[in-house]
Amino acid sequence: MLVAAPLVGAQAAHAQPYPPPTGPLTLSATTVNPGDGVSFTGTGFASQQNVTAQLLSTPITLGQFQADGSGTVQGTVTIPMSIRAGAHVFKLTARHPSRTLSVRIRVLDGVGGHNGHGGHGGGRHDGHNGPGRSDHRPGLAETGSEKALAVSGIAAGLVVAGGGTMLAVRRRRSS
């Protein structure tokens with residue numbers, strides 16, 4: 001009875017399209033090595049508007065581009081060899097009218113060699129780049145870890161054990 005109580009107000013799940021619709025900024029890769037080329041497409045800019053591509057934590061200008069007649073800007077930039085490994089933001093910025101688009105990317109430390117294929121370091125394509133690192137697959141959500149399953153199992157076991165103890169105590173009192 002207690003287990004079903006949280007489900008009373010639950011809403012029905014709705015199917016989502018796959019692959020999910022692309023946003024106003026798409027990249028060829030979101031996990032990259034220093035020296036990799038990354039292609040991008042950004043939409044929603046003014047016709048023929050000048051757009052600056054940057055890499056942030058420390059702002060590094062990667063290039064200047066111009067939107068086409070429909071306001072779409074496309075290009076390829078190179079991730080600088082001097083960039084530190086870790087999380088960064090790839091950003092497109094335009095002024096007059098102002099528009100900014102950004103996407104988080106991860107720069108690997110480059111161990112395992114550069115292969116020029118958008119950041120699948122060391123030539124491995126099984127989703128793993130060594131201890132503690134994995135490639136991001138655009139369109140797929142990270143849904144947690146295996147620890148959540150273990151914690152849920154332990155919690156369920158404790159609930160069952162507590163219920164069994166309560167049942168045993170009630171039977172002993174009524175005898």
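As a basis for the values below, the full set of heavy atoms in this structure was taken, side chains included, without hydrogen atoms, waters or symmetry mates.
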request  = Report the C-alpha distance between T30 and V103 in whole Å, list the side-chain angles of each, state the deciding distance to 0.1 Å, and finish with yes or no for side chain to side chain contact (heavy atoms under 4.5 Å, CB included).
outcome  = CA-CA 8 Å; T30 55; V103 171; 4.2 Å; yes
Could you state the interatomic distance from [atom1] ([X]) to [atom2] ([Y]), rounded to the nearest 0.5 Å?
| X | Y | atom1 | atom2 | result |
| --- | --- | --- | --- | --- |
| T31 | D36 | OG1 | CG | 10.5 Å |
| I79 | I60 | CD1 | CD1 | 9.0 Å |
| F45 | S70 | CZ | OG | 11.5 Å |

Please give me the minimum heavy-atom distance between [X] and [Y], naming the atom from each residue.
| X | Y | result |
| --- | --- | --- |
| P59 | Q54 | CB-NE2, 4.2 Å |
| A53 | F65 | CB-CE1, 3.8 Å |
| P24 | L101 | O-CD1, 3.4 Å |
| P97 | A46 | CD-CB, 4.0 Å |

Donor-acceptor under 3.5 Å ([X] side chain, [Y] main chain):
| X | Y | answer |
| --- | --- | --- |
| R99 | G44 | yes |
| D68 | G71 | yes |
| Q49 | R95 | yes |

key: Listed partners of F90 passing ring-ring contact (aromatic ring centres under 6.0 Å, His included), at least two apart   =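 Partners of F90 under the ring-ring contact (aromatic ring centres under 6.0 Å, His included) test: F40.
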task = Check the pair I105 / L55 against side chain to side chain contact (heavy atoms under 4.5 Å, CB included), numbers first and verdict last.
result = CA-CA 9 Å; I105 68 167; L55 193 58; 3.5 Å; yes
Suppose we screen for side chain to side chain contact (heavy atoms under 4.5 Å, CB included). Which residues come up paired with [X], at least two apart in sequence or across chains?
| X | result |
| --- | --- |
| S39 | S28, T76 |
| Q48 | Q66 |
| S47 | none |

task = Test side chain to side chain contact (heavy atoms under 4.5 Å, CB included) on T78 and L62 and set out the steps.
result = CA-CA 7 Å; T78 301; L62 301 174; over 6 Å; no
Any side-chain heavy-atom pair of N50 and T52 under 4.5 Å =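 Sidechains of T52 and N50: no contact.
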task = For a side chain to side chain contact (heavy atoms under 4.5 Å, CB included) with Q74, tell me which candidate from T43, T26, T41 qualifies.
result =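 Of all the options given, the one that passes is T41.
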key: Pairs where residues 80-94 contributes a residue and the test side-chain hydrogen bond (donor to acceptor under 3.5 Å, both in side chains) is met, not counting sequence neighbours   =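 Listed by first then second residue: S57-R84.
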Below 3.5 Å, can you tabulate the donor-acceptor pairs from side chains in residues 152-167 to any protein atom, sequence neighbours excluded?
| from | atom 1 | to | atom 2 | distance (Å) |
| --- | --- | --- | --- | --- |
| S152 | OG | A148 | O | 2.9 |
| T165 | OG1 | A161 | O | 2.9 |

key: side chain to side chain contact (heavy atoms under 4.5 Å, CB included) evaluation trace for T100 with L92   = CA-CA 6 Å; T100 300; L92 296 179; over 6 Å; no
